[in-house]
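Each residue takes its place number in the sequence, starting with 1. As a basis for the values below, the full set of heavy atoms in this structure was taken, side chains included, without hydrogen atoms, waters or symmetry mates.
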Amino acid sequence: MSTHFYDVSETKPSLVKTLGLKELEKKYKTFIEEAYNVMQTDASLSDFLYFEASKLKKSILNIKSADSNHFDAAF
């Protein structure tokens, strides 16, 4: 098989490596706010934004559980 046929998911960079914890939290809040704002006008976009926010939240919680110094009970 030629070398240009490879699985893209193997080379996908991690959000955690490219963005810090504060940036991930900021993106999460932005997605939630935007999803709420478009909820009445575009339900599919709102669902997509909530889904992306839930993936970010999972990543944030995984990072925070790995580093107990960043524990935030309100999040």
Side-chain angles (χ1 to χ4, degrees):
M1 185 177 250
S2 180
T3 58
H4 71 279
F5 293 111
Y6 60 90
D7 189 13
V8 177
S9 64
E10 292 178 6
T11 60
K12 183 178 175 183
S14 172
L15 279 177
V16 176
K17 292 180 183 177
T18 57
L19 299 174
L21 183 60
K22 294 294 181 186
E23 288 86 13
L24 286 176
E25 289 176 341
K26 187 175 179 180
K27 270 186 133 7
Y28 169 76
K29 290 177 184 177
T30 303
F31 279 148
I32 291 293
E33 183 177 332
E34 189 69 25
Y36 178 77
N37 288 340
V38 299
M39 187 183 310
Q40 297 298 318
T41 57
D42 193 353
S44 62
L45 178 59
S46 178
D47 289 343
F48 174 75
L49 291 171
Y50 276 123
F51 176 71
E52 291 297 317
S54 70
K55 290 193 311 187
L56 282 175
K57 185 175 181 180
K58 187 183 291 187
S59 297
I60 292 168
L61 292 175
N62 285 337
I63 294 169
K64 286 185 177 185
S65 68
D67 185 16
S68 62
N69 293 337
H70 288 110
F71 184 74
D72 185 12
F75 191 75

Problem - Passing option when Leu56 is tested against Glu25, Lys27, Lys29, Lys26 for side-chain contact (heavy atoms from CB on, under 4.5 Å) - result: Lys27
Straight-line distance of [X] [atom1] to [Y] [atom2], nearest 0.5 Å:
X	Y	atom1	atom2	value
Ser65	Ile60	OG	CD1	12.0 Å
Leu21	Glu23	CG	CD	8.5 Å
Asn62	Leu24	CG	CG	11.0 Å
Glu34	Tyr50	CD	OH	10.5 Å
Phe31	Ser46	CZ	OG	12.5 Å
Asp47	Met39	CG	CE	9.0 Å

Exercise for the section: Decide whether Tyr36 and Leu49 are clustered together by the hydrophobic rule: side chain heavy atoms of Ile, Leu, Val, Met, Phe, Trp, Tyr closer than 4.5 Å, transitively. Expected result: yes
Exercise for the section: Group every Ile, Leu, Val, Met, Phe, Trp and Tyr by side-chain heavy-atom contacts under 4.5 Å, then state whether Leu45 and Ile32 land in the same group. Expected result: yes
Practice task
Find out whether Lys57 and Leu61 are in side-chain contact, i.e. whether some heavy atom of one side chain is under 4.5 Å from a heavy atom of the other.
Solution key: yes
